[in-house]
Protein chains: 2
Amino acid sequence: MSSTDASRAAGSDWRREKRERTRRLLQQHAMRLFLEKGFEATTVEEIAAAAGVSHMTFFRYFPTKEDAALEDDYDPMIADLIAERPADEPAIDKIRHALTHGLNQLYDSERDVLLARMRLVYRTPALRAGTGSRRDADQRLLIEALAPTADGSRAGLHLRVVVAAALAATTEAIRYWAESNGADDLRHLINEAFDALRAELTHEAPVDESAD
Amino acid sequence: MSSTDASRAAGSDWRREKRERTRRLLQQHAMRLFLEKGFEATTVEEIAAAAGVSHMTFFRYFPTKEDAALEDDYDPMIADLIAERPADEPAIDKIRHALTHGLNQLYDSERDVLLARMRLVYRTPALRAGTGSRRDADQRLLIEALAPTADGSRAGLHLRVVVAAALAATTEAIRYWAESNGADDLRHLINEAFDALRAELTHEAPVDESAD
DNA sequence: TCTAACATGTTAGTAGCTAACTTAACGGGG
DNA sequence: CCCCGTTAAGTTAGCTACTAACATGTTAGA
């Protein structure tokens with residue numbers, strides 16, 4: 001059993017480095033071509049050729065063309081930050097603070113590339129659709145970070161709703177940011193989005209549960 | 001200009017009826033085959049053959065295979081119900097009540113087919129992704145119903161966040177319903193989902209906006 | 001050195017989707 | 001009554017994302 005979980009991640013340094021370099025190369029050329037000629041107009045063959053590999057190698061690294069535009073490694077970082085939050089903090093605030101703190105670490109170095117990517121995503125229908133499937137994975141990750149006992153798929157409705165709403169607020173902030181071409185600070189927009197949600201729901205209103 | 005907007009919708013009764021019949025046929029056979037053999041294992045050619053048309057005709061009615069499984073006409077109904085709500089009601093409650101009232105009109109007649117469809121969607125990754133793109137359209141529709149003045153795309157961040165969160169809560173309720181095989185009443189789950197959101201956000205918590 | 005594991009390539013195929021052109025059925029104006 | 005524009009559908013051919021089967025060279029370790 002020399003090819004277990006560990007070996008695929010490690011795999012003797014030599015291979016691991018090569019793997020990571022090839023992957024990075026593919027993703028960089030993919031993003032460059034997407035931004036130059038658009039997502040649909042770029043074929044997988046072109047990306048592979050630009051990175052000096054065959055199209056089969058591309059699919060060995062990215063299951064779909066969309067993944068080359070959408071994949072990043074922010075989510076585990078957010079999950080870690082959530083786990084570090086005080087245990088008595090409400091879930092929605094854990095998420096909010098993990099997001100803003102995480103963004104602080106990235107904003108200076110990665111703001112521009114993140115903005116370019118998001119602008120591409122929101123101008124490309126195929127990519128906008130792709131974010132839908134990713135949201136599932138994000139949601140499960142956050143749920144596990146918030147409630148390590150219950151596994152993600154069987155979490156209670158309450159927790160699922162809270163995480164889904166938090167992700168929705170974040171998505172809207174990011175989309176707004178991308179549409180206004182990065183005019184505002186994304187961290188500020190995220191805080192605004194969470195505030196909007198709280199404001200809307202603390203205007204206590206008559207909730208008639210016996211809807212006939 | 002005899003082929004304007006109106007003529008495509010109307011088009012002399014004769015043709016319109018035929019169009020609607022063909023469309024219904026295609027969708028019914030598509031759903032039947034999807035449920036019988038799974039979404040991926042069903043080809044467009046099969047669906048077209050079952051409905052007695054060619055695969056080109058299928059694509060004239062549904063832009064993608066996914067649309068044959070996802071399209072319905074609930075959204076305009078919800079939008080209408082929202083517009084009928086009292087003007088001073090908060091947006092989130094307008095949505096909530098429109099949803100439960102709309103469901104009341106459908107539940108007896110369409111509960112079973114809706115449940116079967118949702119179970120198919122949540123067990124098929126390609127369809128789960130497809131719901132992402134539809135959410136965009138739904139969101140825009142609801143925003144227009146809530147604020148007819150501002151056009152959907154340029155709505156304020158606040159309104160977008162509220163609608164997105166409401167849709168997220170609804171989606172989670174539906175998913176929970178589908179996963180538990182329709183054990184609970186969907187209307188009850190939707191109310192629970194909205195209550196969960198309110199409960200989470202009315203536990204006033206220390207919101208430290210100066211996240212360093 | 002021999003062998004197992006691994007990254008990659010080659011080739012051939014499937015299926016979703018599009019475009020260009022054709023055919024056929026109706027339907028109103030001359 | 002017939003011509004012609006509109007509309008529904010078919011035929012054919014092609015592009016591209018994605019998969020599977022098999023081959024090749026290269027490194028790791030016994």
Side-chain angles (χ1 to χ4, degrees), chain A residues 1-26 30 33-34 37-70 124-127 129-130 133, chain B residues 1-26 30 33-34 37-70 124-127 129-130 133:
Chain A
M1 61 169 73
S2 60
S3 72
T4 59
D5 293 354
S7 81
R8 197 196 300 165
S12 86
D13 271 16
W14 183 228
R15 304 210 198 259
R16 202 200 49 200
E17 258 186 51
K18 184 168 186 178
R19 262 192 85 80
E20 283 171 9
R21 202 178 61 238
T22 308
R23 181 192 191 75
R24 217 178 9 253
L25 255 180
L26 278 168
L33 289 166
F34 292 161
K37 354 185 325 182
F39 177 79
E40 322 264 10
T42 306
T43 75
V44 171
E45 210 87 36
E46 283 175 300
I47 302 169
V53 297
S54 82
H55 83 274
M56 273 305 305
T57 300
F58 176 91
F59 284 115
R60 287 203 179 93
Y61 284 88
F62 300 97
T64 73
K65 189 169 104 170
E66 290 155 26
D67 284 288
L70 295 175
T124 308
L127 290 177
S133 7
Chain B
M1 60 172 73
S2 59
S3 72
T4 59
D5 293 354
S7 80
R8 197 195 302 165
S12 85
D13 269 16
W14 185 227
R15 302 208 198 263
R16 203 201 47 200
E17 258 185 51
K18 184 168 186 177
R19 261 193 86 79
E20 283 171 8
R21 203 180 60 239
T22 308
R23 180 192 191 75
R24 217 178 8 253
L25 255 180
L26 277 169
L33 289 166
F34 292 162
K37 357 185 320 182
F39 178 78
E40 322 264 10
T42 306
T43 75
V44 172
E45 210 87 37
E46 283 175 301
I47 302 169
V53 297
S54 82
H55 83 274
M56 274 305 305
T57 300
F58 176 91
F59 285 115
R60 286 202 180 93
Y61 285 89
F62 300 97
T64 73
K65 190 168 103 170
E66 290 155 27
D67 283 287
L70 294 175
T124 309
L127 290 177
S133 8

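First the proteins, then the strands, lettered A, B, ... as listed; each starts at 1.
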- Task: Enter the distance from B/I47:CD1 to B/L25:CG here, rounded to the nearest 0.5 Å.
- Result: 12.5 Å

- Message: I need the A/D67 CG to A/F58 CZ distance, nearest 0.5 Å.
- Response: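 Between A/D67 CG and A/F58 CZ, I get 8.0 Å after rounding to 0.5 Å.
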
- Does a nitrogen or oxygen in the side chain of B/Y61 sit under 4.0 Å from OP1 or OP2 of D/dA8? no

- Quick one: is A/T22 getting a side-chain N or O under 4.0 Å of the C/dT8 phosphate, OP1 or OP2?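 Indeed, a polar side-chain atom of A/T22 lies that close.
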
- Item | From C/dC17, C/dA20, D/dA17, nucleotide with atom closest to B/F59 side chain | C/dC17

- Query: Closest to the A/H55 side chain: D/dT11, D/dA17, C/dA12?
  - Reply: C/dA12

- Message: Using side chain to side chain contact (heavy atoms under 4.5 Å, CB included), reason through B/R23 and B/F62 one step at a time and then give a plain yes or no.
- Response: CA-CA 9 Å; B/R23 180 192 191 75; B/F62 300 97; 3.8 Å; yes

Euclidean distance, atom [atom1] of residue [X] to atom [atom2] of [N] [Å, nearest integer]:
X	N	atom1	atom2	answer
A/R19	D/dT27	CZ	P	17 Å
A/M56	D/dC18	CE	C1'	9 Å
A/E46	D/dA17	CD	P	9 Å
B/I47	D/dA9	CD1	P	16 Å
B/L25	D/dA9	CG	P	11 Å
A/E45	D/dA17	CD	C1'	10 Å
B/L33	C/dG16	CG	C1'	17 Å

- Query: Is the number of heavy atoms from other residues, nucleotides or ligands within 6.0 Å of NZ (A/K18) greater than 12?
  - Reply: no

Contact class for [X] (heavy atom, under 4.0 Å): base, sugar-phosphate, or nothing?
X	result
A/T57	sugar-phosphate
B/S54	base
A/F58	nothing

- Within 45 degrees of the axis of the six-membered ring of B/Y61 and under 6.0 Å from its centre: does B/R24 put its NZ or CZ there? no

